[in-house]
Each structure stands twice: as C-alpha cells, then as structure tokens.
Amino acid sequence: MKSAVYTKAGQVGIEEIKRPSIQEADDVIIRVVRACVCGSDLWSYRNPDIKAGHKNSGHEAIGIVEETGEAITTVKPGDFVIVPFTHGCGECDACRAGFDGSCDNHIGNNLGGNFQAEYIRFHFANWALVKIPGQPSDYSEGMLKSLLTLADVMPTGYHAARVANVQKGDKVVVIGDGAVGQCAVIAAKMRGASQIILMSRHEDR
Ligand SMILES: [Zn+2]
Ligand SMILES: [Zn+2]
C-alpha cells in the first residue's frame, strides 16, 4: 500500500509499504477515506535527525472498516468510522473512570501513527471506533472534513473548554489560534460564552 513517509527534515514523500494485518483479536483494519495533518506532525517534519523512510506520525482519520478481528462486536466490514487518535482499551480502571488517554494497557496514543496511508491497523477497536451513519458518498466534502476533525482537533478543543468549565455568559480567552485553538473557540461558543478572545502571534490570522 502507499503511505506518506518522512524523507528528510522538511520533506515528505510517498512509499510502498507492507499493508497492515490483524494481529490481535480486537484489531480492525480500516481503509482510509480522509486523513489529516496535525500540529504535532510538524515535530517530526521539522526534526533534523529524521531518517529517510521514517513512517508518518499521522493519527487522525475517517475510514471504512475492511476487516475485523474475531473479538470485534461493535463494528463490521463496510462500516464508516471515525478513527480517534487517543484511545484506551475500555476495560482497565483508568478507562472505566473515564481517563482512557491514561489507559493501563496503553501502547502509545495511536500505535505509533501511520494513519496517512491507505490502510490502518487499529487496536482496541470495540471500545474506540465511532460509527458514522451511512457511507462517505452520503456526505459533502465539507462535511467529510468536519467529521475528520472529530478524530482529534475538535474533541481536543472541546475538552479544553470543558475542563475550563466554560459556561453560559462567560468571557473566554483562547491562547493559540491553530486548529485546536479555533476548535476551542467553537466549543466555547457552543457552551454559551458571551465573548471569546483568540490570542495569536500571526498577523494574518
Ligand atoms: Zn492530532
Ligand atoms: Zn484501558
């Protein structure tokens, strides 16, 4: 399959790599419909020590379930899903308490990335995949992009507004105007903020 790879600092290429396969009973193989670039991908992109062929750090995607492990009961081949970046097993104490980002069985936020490829191997799939009604062809391009934000930036921005306990009528300051900051603005608005100030060091924004 084709995958984006880092070729050197500041450069990305496409390489043919081995297509992932089911390795655990609760694995799912997903055919990527859309994947996106996160601010955190720039850490690798800018890393002067990055070696040619280093796999991409992509971790945000929407796609179609292609194949399921034998323990999978929540999704089936053909389902359209959001593939969230941070996810736990759903069964340990941390997950049960709602802190699935600190899952006791965590094996990295996203199996080490590689979502900017044709197929993804996704572990803990029973717990973590979010089904989207219908199929990609039922949605406009704009809507597909909006659904894609639910893999990371929008829930991350929303989480910030929630832990800040933004309530109706509050005045809110969001520090940083990247994708997550802009989603935090949307979230603050959703939660009823009366005034939202977005701080930036970019003149053009
Ligand atoms: Zn991300
Ligand atoms: Zn867990």
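Because the structure is predicted, anything quoted here is derived from the model rather than measured. Read the numbers this way: they start at 1 and go in the same order the structure lists the ligands and their atoms.
- Taking backbone and side-chain atoms together, D41 has no N/O/S atom less than 2.8 Å away from the Zn ion (ligand 1).
- To the nearest 10 degrees, the Zn ion (ligand 1) sees NE2 of H59 and OD2 of D152 at an angle of 120°.
- Around the Zn ion (ligand 2), the protein contributes the following N, O or S atoms under 2.8 Å, ordered by chain and number: C89 SG, C92 SG, C95 SG, C103 SG.
- Salt bridge annotation for E141-R34: present, with a cationic side-chain nitrogen under 4.0 angstrom from a carboxylate oxygen.
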Pairs of donor and acceptor atoms involving the side chains of residues 163-172, under 3.5 Å and at least two apart or interchain, shall be tabulated with distances.
| from | atom 1 | to | atom 2 | distance (Å) |
| --- | --- | --- | --- | --- |
| N165 | OD1 | Q167 | NE2 | 3.0 |
| D170 | OD2 | Q167 | N | 2.7 |

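- Ionic pairing of R31 and E66 is present here: one or more N-O contacts between side-chain nitrogen and carboxylate oxygen are shorter than 4.0 angstrom.
- Salt bridge D79/K76: present, at least one basic N to carboxylate O contact under 4.0 Å.
- Side chain of Q195 to main chain of V173: no donor-acceptor pair is present (N/O by atom type, distance under 3.5 Å, no hydrogens or angles).
- The closest approach of E60 to the Zn ion (ligand 1), by N/O/S atoms, is made by OE2.
- For the pair N56 (side chain) and Q116 (backbone), a donor-acceptor distance under 3.5 Å is present.
- The cationic atom of R19 (NZ for Lys, CZ for Arg) lies less than 6.0 Å from the six-membered ring centre of Y119 and within 45° of the ring axis.
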